[in-house]
Structures are given as C-alpha cells and as structure tokens.
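Working notes, beginning with the structure itself.
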Number of protein chains: 2
Amino acid sequence: MKNTTPPAGRRSSALTHERVVGAAIDLLDAEGEGGLTFRALAAALETGHGAIQWHVANKTELLRAATSATVSRAVGTRDSNAAPNEAIRALALNVFDVMDAHPWLGRQLTGSPWQPSMLFLFELIGREIQQICPRRETQFTAASAVLTYIIGAGGRETANAQAPEATGDRLDLLDTMASFWENLNDEDYRFTRTMGEPLRTHDDRDVFLAGVDLIVAGTMHDRAPAAV
Amino acid sequence: MKNTTPPAGRRSSALTHERVVGAAIDLLDAEGEGGLTFRALAAALETGHGAIQWHVANKTELLRAATSATVSRAVGTRDSNAAPNEAIRALALNVFDVMDAHPWLGRQLTGSPWQPSMLFLFELIGREIQQICPRRETQFTAASAVLTYIIGAGGRETANAQAPEATGDRLDLLDTMASFWENLNDEDYRFTRTMGEPLRTHDDRDVFLAGVDLIVAGTMHDRAPAAV
DNA sequence: ACCTGAACACCGTTCAAGT
DNA sequence: ACCTGAACACCGTTCAAGT
C-alpha cells in the first residue's frame with residue numbers, strides 16, 4: 001500500500017538504499033517519528049528486518065538519509081533574479097513549508113547541526129546575505145542567525161502542531177490559549193496578559209516571515225561590531 | 001554517590017516528587033538523555049522502578065518536570081535596572097549558559113513548545129521588548145522571534161558539542177571543519193568557501209549574542225508592517 | 001553480494017500484591 | 001497512601017546461516 005515507487009523494471013525484490021529511504025520517509029510522514037521501526041519498514045517492503053540493515057547500518061544513518069533527501073528535494077530549484085531580502089523570504093518559506101509537511105524534520109534538523117542539508121541551506125542564505133552587507137564577520141553572523149532562526153521556528157511550529165492538545169480545531173485551540181494568557185496573574189505575567197489578541201489573530205507564516213525580516217533588517221543597519 | 005541532597009531530617013526512604021526530579025536531573029547531566037531510565041533512577045534512589053512511577057506517571061512528565069525545574073532555577077533572579085537591549089542580552093546569555101551546562105535541555109525545549117518554562121521566558125523577553133517598540137503586533141512578533149532564536153541557537157550549540165566528532169579539542173575540530181569548508185567545490189559553495197576564517201576564529205557566545213542584537217536592532221527600526 | 005530470522009539486551013508501562 | 005517486583009509488548013542491534 002505504501003511502496004508508491006516500484007522500480008517497474010526490476011522485480012520488487014530489488015532492495016536499494018534509495019527504496020529503503022523512500023519507504024522510511026513514507027512511514028515517518030504517515031506515523032510520525034515513533035512509527036519508523038526496522039520491523040515496520042520490513043513489513044512495508046515485504047522483507048525481513050535484517051535485510052534492511054544490510055543497506056542501512058544504523059537507525060541514525062536512516063534518519064539522516066531521510067532528512068537529507070527530503071530537504072534537498074524541496075529546496076532544489078531557486079529563483080536567482082529576486083532581491084536578496086525577497087530571496088531569503090522565499091527560501092525561508094520554502095523550508096517552513098517542508099517542515100510543516102514533514103513534522104518529523106524538526107527534531108532531526110535541530111538535533112544534529114552540521115548535516116549536509118544544513119550546510120546547503122547555509123550556502124543559499126549566505127549568497128543573499130553577501131549582497132546585503134560587506135563585512136565577512138557580519139555575513140557569518142547573519143547567515144548563522146537566519147539559519148538558526150528558520151530551523152528553530154519551523155521546529156517549534158511543527159512541535160506545536162504535533163502536541164496532544166492540538167487535535168481539535170486550530171482556532172479553538174488558539175482561542176483557549178489566548179484566554180488562558182489573558183487570565184494569568186498580573187504580577188508575574190503583566191506582558192503576556194496583553195498578548196492574547198495578537199495570539200488569537202496572528203497568522204503563523206506571517207509571524208515567521210516577520211521574524212526573518214527583523215534579522216535581515218538588523219543586518220542592513222549593521223555598523224561597527226563594538227558600537228551597539 | 002549521586003544523591004547529593006538527602007532530606008537530612010527524614011530517612012532516605014522519603015521518596016518525594018522533588019527528590020525524583022532532582023535525581024533525574026543528576027542522571028541527565030551525567031549520562032545524557034539516553035542515560036535517564038526508570039531502572040537507573042530506581043538504582044540511584046535505591047528503590048524499585050515501580051515506586052518511582054507512583055510519583056511520576058510518565059517519562060514525558062518526568063522530562064517536563066526536570067526541564068521546568070532547571071530553567072526556572074537558573075533564570076530566577078534578574079536585574080531590572082538595565083537598558084532593554086542589555087537586559088535581553090543578559091537573559092539570552094543566561095539561557096545559553098543553562099543549555100550549555102545541561103545539554104539535554106535543547107531537545108526538550110525545542111520539542112514541546114509552550115511549556116511553562118517557555119511562557120516564563122516569553123514574559124521576561126516581552127517586558128523588555130515592550131520598552132523598545134510600541135505596537136503590540138510587533139511586540140508579539142519580536143518576542144516570539146527572540147525566544148525562538150535563543151532556544152534554537154542554544155539547542156544547536158549543545159547538539160554541536162554532543163556530536164560524536166566533538167570528542168577532541170574544540171580548536172582542532174573547528175580548524176578541520178574550516179579547512180573542509182575552504183575546499184568545497186566553488187560552483188556549489190562559493191559563499192561557504194569564504195567563511196573558513198570566520199568559522200575558525202569566531203567565539204560561540206559572541207556570534208550568539210550578535211544574532212540577538214540583529215533581531216533587537218531590526219525591532220528598533222521597525223516601521224509599518226506592509227512597507228518592507 | 002544480498003537476504004533471512006532467531007537471539008540478545010534493553011526499554012516504558014501495567015498491575016496484582018504487599019505494608 | 002506508598003512501595004515492590006514480576007510480566008508484557010516492543011525496540012535496535014548482532015550474527016550464524018542460507019542463497
């Protein structure tokens with residue numbers, strides 16, 4: 001039911017590294033991180049679970065491969081004619097959407113930092129930052145900050161969506177949460193109490209993009225490093 | 001060896017929620033996330049593992065309690081006389097250091113987003129943001145962005161430190177990595193290739209703080225939301 | 001070279017039974 | 001109310017054995 005891409009020429013017994021990773025992604029999407037098991041994978045691929053471990057040694061290696069494939073598949077094509085800040089926005093949104101579509105990506109990307117996928121994103125971000133500010137140290141800082149923010153925000157978003165409370169309607173949940181905020185005690189939460197309405201009416205992608213804009217804007221106004 | 005805080009008055013058999021959480025933190029610090037087991041906890045507390053589950057039902061609940069205790073213990077006292085941007089810097093550094101001292105915190109904080117610990121941090125950040133910009137929507141955006149960035153960066157940092165490659169000297173590792181960057185192929189990585197030197201010479205905390213400054217700076221220059 | 005499946009050590013959770 | 005420990009279902013990993 002799940003092997004959407006049989007090699008079509010070969011018998012289905014041709015178990016390749018690629019097919020294993022593909023099936024792993026399908027399983028992760030359908031059942032979440034806890035659903036990816038060597039035994040479940042074996043069942044989906046109609047083979048023994050030892051067979052799989054001949055192609056993929058570890059579960060770590062399997063998760064890494066699934067992550068790499070998913071990210072590079074989604075961020076492959078880019079528009080090089082856009083203005084730097086627009087290009088960064090588009091890339092950020094791209095990553096945000098991939099993480100939204102594959103909720104298991106968050107823990108994976110935040111978990112092991114300098115995977116090939118991350119280096120690739122760092123490069124794409126950096127090329128745009130390069131056109132915004134001239135100093136190399138600031139470029140390094142800004143590209144790191146944008147990457148950190150994008151991955152962190154995406155992970156937070158999907159963790160939010162996966163939370164057990166998030167089963168019902170999104171608007172209901174936000175409304176409940178906003179009311180909770182507004183009724184916090186004034187002494188300890190005098191700021192959060194005023195954030196009920198923004199929380200209720202905000203759009204996830206807008207807030208996410210606004211955060212990206214803040215970093216980019218800060219980068220454009222950057223001066224000497226010591227003079228804050 | 002690990003029960004550093006015996007209640008001193010009571011017999012050691014007084015197993016409280018607090019003692020369980022304390023022992024869990026000790027274990028997490030010493031052995032990492034994988035080292036926290038109900039069986040290991042039972043051994044450390046000299047009891048059966050069923051006894052523990054009477055005080056703490058789930059492993060999820062246990063991790064949540066450990067997180068909450070660690071964060072609030074570390075961010076408790078704040079200096080209210082500092083300028084907003086300085087206060088945010090100090091708070092950010094505080095969080096960064098806690099996450100550095102307890103490397104298991106990263107996955108925990110990024111994993112489940114609106115824990116009490118996170119709400120508390122959101123509040124502290126928001127109080128300062130409030131003094132920087134007047135618009136409520138921007139306050140919400142900026143506070144969210146700073147929180148996301150701080151947690152994300154801390155998690156990335158400690159994931160970095162925990163990586164299997166990071167066993168040797170930090171400078172050696174950075175040097176190896178910088179050389180690797182400089183030798184990437186020019187077609188795909190023309191930006192990253194130029195980042196070898198910044199990577200080699202950067203200070204983790206400085207880069208982290210610089211990222212915080214970028215967001216704060218962007219917030220101060222914020223204008224109408226549509227006019228980017 | 002590729003695949004099989006039994007075996008091992010370990011885990012979180014449950015639960016009848018004690019005090 | 002608090003604690004015990006056996007039992008259950010499940011996991012990743014290993015490995016001798018087949019083709």
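Note that the coordinates shown come from a computational prediction; the quantities given were computed from them, not determined experimentally. The sequence lines fix the lettering, A, B, ..., with proteins before strands; numbering per chain opens at 1.
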>> What contact category does B:L41 fall into here, base, sugar-phosphate, or nothing, at under 4.0 angstrom with non-hydrogen atoms?
In response: nothing
> Rounded to the nearest Å, what distance is computed from the CG atom of residue B:L63 to the C1' atom of nucleotide C:dG12?
Replying inline: 12 Å
> Please walk me through it: do B:Q139 and A:F191 pass side chain to side chain contact (heavy atoms under 4.5 Å, CB included)?
Replying inline: CA-CA 10 Å; B:Q139 289 172 9; A:F191 169 73; 3.7 Å; yes
>> If the cut-off is 4.0 Å, is B:T37 near the phosphate of C:dC11, judged by side-chain N/O to OP1 or OP2?
In response: yes
> A:W54 side chain: which of C:dC2, C:dA6, C:dG12 is closest?
Replying inline: C:dC2
> OP1 or OP2 of C:dC3 sitting under 4.0 Å from any side-chain N/O of A:H55?
Replying inline: yes
> Out of D:dC11, C:dC11, D:dT13, which nucleotide sits closest to the side chain of A:N58?
Replying inline: D:dT13
>> At 4.0 Å (heavy atoms only), tell me whether A:I52 reaches a base, stays on the sugar-phosphate, or touches nothing.
In response: nothing
>> Nearest to the side chain of A:R39, heavy atoms from C-beta on, is which of D:dA7, D:dC3, C:dA7?
In response: C:dA7
> Looking only at heavy atoms, what is the nearest atom pair of B:G111 and A:A159, with distance?
Replying inline: O-CB, 2.9 Å
>> Can you check the distance between C:dA17 and D:dC2, where both ends of the measurement are the P atom (answer in whole Å)?
In response: 22 Å
> Quick one: which of D:dT14, C:dT13, C:dC3 gets closest to the side chain of A:H49?
Replying inline: D:dT14
>> I'd like to know whether B:Y189 forms a side chain to side chain contact (heavy atoms under 4.5 Å, CB included) with A:L119, so could you lay out the CA-CA distance, the side-chain angles of the two residues, the decisive distance to 0.1 Å, and finally the verdict.
In response: CA-CA 9 Å; B:Y189 289 98; A:L119 197 61; 4.1 Å; yes
> Taking the six-membered ring for Trp, are the ring centroids of B:F180 and A:W114 within less than 6.0 Å of each other?
Replying inline: no
> What's the shortest heavy-atom distance between A:A92 and A:I150, and which atoms?
Replying inline: CB-CD1, 3.6 Å
> Can you check the A:H17 NE2 to C:dC3 C1' distance for me, whole Å?
Replying inline: 18 Å
>> Tell me the interatomic distance from B:K59, atom NZ, to D:dC10, atom C1', rounded to whole angstroms.
In response: 14 Å
> How long is the line joining CG of A:L36 and C1' of D:dT13, in whole Å?
Replying inline: 15 Å
> For A:F38 and C:dC3, what is the distance between atoms CZ and C1' respectively, to the nearest whole Å?
Replying inline: 15 Å
>> Any strand counts, and the cut-off is 3.5 Å on both contacts for Watson-Crick or G-U wobble. Which nucleotide pairs with D:dC8?
In response: C:dG12
>> Side chain of A:Q53, heavy atoms from C-beta onward: which of D:dC3, D:dG12, C:dG12 has the nearest atom to it?
In response: D:dG12
